[in-house]
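Here's the structure, in structure tokens; my notes come after.
Heads up: numbering here begins at 1 and tracks the sequence.
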Amino acid sequence: MAARSAAAAASRPSTAGGLLSIGQVLAKLSPEFPDLTPSKLRFLEEQQLVSPSRTESGYRKFSAADVDRLRFILTMQRDHFLRLKVIRGYLDDIEAGRTPALLATGAVPSTILVTERRYTRAELAREAGASPALLSDAISASLVAPADTYGDEALQVLRALVELQRSGIEPRHLRGFRAAAERELGLIESALIPVSRRNDPSSRAKAAELAREIAGQLEVVRSSLIRSALGKLQS
């Protein structure tokens, strides 16, 4: 019930009071979503995913509810590689009082409907059960990005590193993961060349969405290869 209420809050339209400019919204959300740009915000508005209010001069103004909604949308994209059309349908279901199919089937965990908590470096290590040395090693190995505060994704990674360390696998052993991720990024960038050549705000935003979709498909292939290799190992 609490998760559903949080989703409903994210689906509410703009309200008056405490309104933020695009620049202020970027300042709030960029630490969690570094690839967020003014073009992406405008594209999300074009796709009817967020509806900021306007001043008499036509400037966009975002409420706290708009920011929560944006955080929700961007988290769905980043963590679940969902297309904007799917996310819009999800929010439409919430607004209509229906249980979204993605939530009902467990395809998207209800935990993402809760506003993400932020952790300092010390809090992150404590929550993950990690030593400060392990967190430092994770940052040195580029497995966790250095930041003033960290979100749930960093927490999940650090918890995984704690478990891997118990099996003798240290962050330095995983440096190849960063190299593999960079190779995948090269593939994605090559696939985006036709879209990226159209250097307008809408095309740049579409390229960002397509990049996430491609990343999701690459994740499917990688997971299949790992499962196949494990099957051979077990046999």
Side-chain angles (χ1 to χ4, degrees), residues 3 5-95 108 111-121 123-124 144-155 189 192 195-213 215:
S5 297
S11 72
R12 285 197 292 267
S14 302
T15 58
L19 299 181
L20 304 176
S21 66
I22 284 183
Q24 290 171 317
V25 171
L26 289 173
K28 275 184 170 292
L29 295 179
S30 290
E32 301 169 60
F33 309 99
D35 60 348
L36 183 61
T37 64
S39 298
K40 178 65 178 286
L41 287 177
R42 286 192 286 269
F43 179 70
L44 292 176
E45 182 182 3
E46 290 173 8
Q47 297 301 304
Q48 300 178 335
L49 281 156
V50 65
S51 301
S53 59
R54 298 273 186 154
T55 65
E56 292 182 0
S57 302
Y59 291 105
R60 294 172 177 83
K61 289 294 183 179
F62 296 81
S63 68
D66 290 326
V67 175
D68 287 343
R69 185 181 177 97
L70 285 166
R71 182 180 285 109
F72 177 83
I73 292 165
L74 295 168
T75 299
M76 295 273 269
Q77 276 194 308
R78 182 192 65 195
D79 295 351
H80 301 282
F81 305 104
L82 295 178
R83 299 181 64 182
L84 292 179
K85 180 179 179 180
V86 176
I87 298 172
R88 186 168 58 242
Y90 186 101
L91 291 171
D92 287 346
D93 282 343
I94 291 292
E95 290 173 343
V108 176
T111 52
I112 72 166
L113 305 181
V114 181
T115 301
E116 185 180 49
R117 178 181 168 186
R118 305 301 299 175
Y119 305 91
T120 65
R121 184 163 172 159
E123 289 171 340
L124 179 67
V144 174
D148 293 330
T149 61
Y150 299 86
D152 290 335
E153 185 174 9
L155 178 60
E189 288 177 337
L192 294 179
V195 180
S196 301
R197 284 174 178 163
R198 300 193 294 272
N199 193 24
D200 59 90
S202 180
S203 294
R204 287 195 295 270
K206 289 177 182 176
E209 182 183 2
L210 179 58
R212 294 185 183 281
E213 290 182 19

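Separation of atoms OH (Tyr90) and CG (Leu84) is listed at 15.5 Å; rounding is to 0.5 Å. Taking OH of Tyr150 as the reference point, atom CG of Leu124 lies at 7.0 Å (rounded to 0.5 Å). To the nearest 0.5 Å, atom CD1 of residue Ile73 and atom CG of residue Asp68 are 11.0 Å apart. Remark: Thr149 OG1 to Tyr119 OH distance equals 11.5 Å, nearest 0.5 Å.
No donor-acceptor pair closer than 3.5 Å links the side chain of Glu32 to the backbone N or O of Leu29. Side chain of Arg88 to main chain of Gln48: no donor-acceptor pair is present (N/O by atom type, distance under 3.5 Å, no hydrogens or angles). Although no hydrogens or angles enter the test, the distance criterion places a donor-acceptor pair under 3.5 Å between the side chain of Ser53 and the main chain of Lys61. Using modelled atom types, no side-chain atom of Arg60 and backbone atom of Thr55 make a donor-acceptor pair closer than 3.5 Å. Side-chain atoms of Asp66 come within 3.5 Å of backbone N or O of Ser63 as a donor-acceptor pair.
Counting only residues at least two apart or on different chains, no salt bridge (Lys or Arg N to Asp or Glu O under 4.0 Å) pair has a member in residues 19-30.
With no hydrogens or angles considered, a side-chain donor-acceptor pair links Lys40 and Gln77 at under 3.5 Å.
Side chains of Thr75 and Phe33 form a contact here, defined as non-hydrogen atoms less than 4.5 Å apart.
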- [ ] Test Glu153 against Arg78 for side-chain contact (heavy atoms from CB on, under 4.5 Å), laying out the working first.
- [x] CA-CA 10 Å; Glu153 185 174 9; Arg78 182 192 65 195; 3.4 Å; yes
TODO: Assess whether salt bridge (charged side-chain N to carboxylate O under 4.0 Å, His left out) is satisfied between Arg118 and Glu123, documenting all intermediate values.
DONE: CA-CA 9 Å; Arg118 305 301 299 175; Glu123 289 171 340; over 6 Å; no
- [ ] Starting from the C-alpha separation in whole Å, work towards a yes-or-no answer on salt bridge (charged side-chain N to carboxylate O under 4.0 Å, His left out) for Glu45 and Arg69.
- [x] CA-CA 12 Å; Glu45 182 182 3; Arg69 185 181 177 97; over 6 Å; no
- [ ] Assess whether side-chain contact (heavy atoms from CB on, under 4.5 Å) is satisfied between Leu36 and Leu70, documenting all intermediate values.
- [x] CA-CA 10 Å; Leu36 183 61; Leu70 285 166; over 6 Å; no
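In this structure Pro38 satisfies the side chain to side chain contact (heavy atoms under 4.5 Å, CB included) test together with Ile22, Leu26, Arg42, sequence neighbours excluded.
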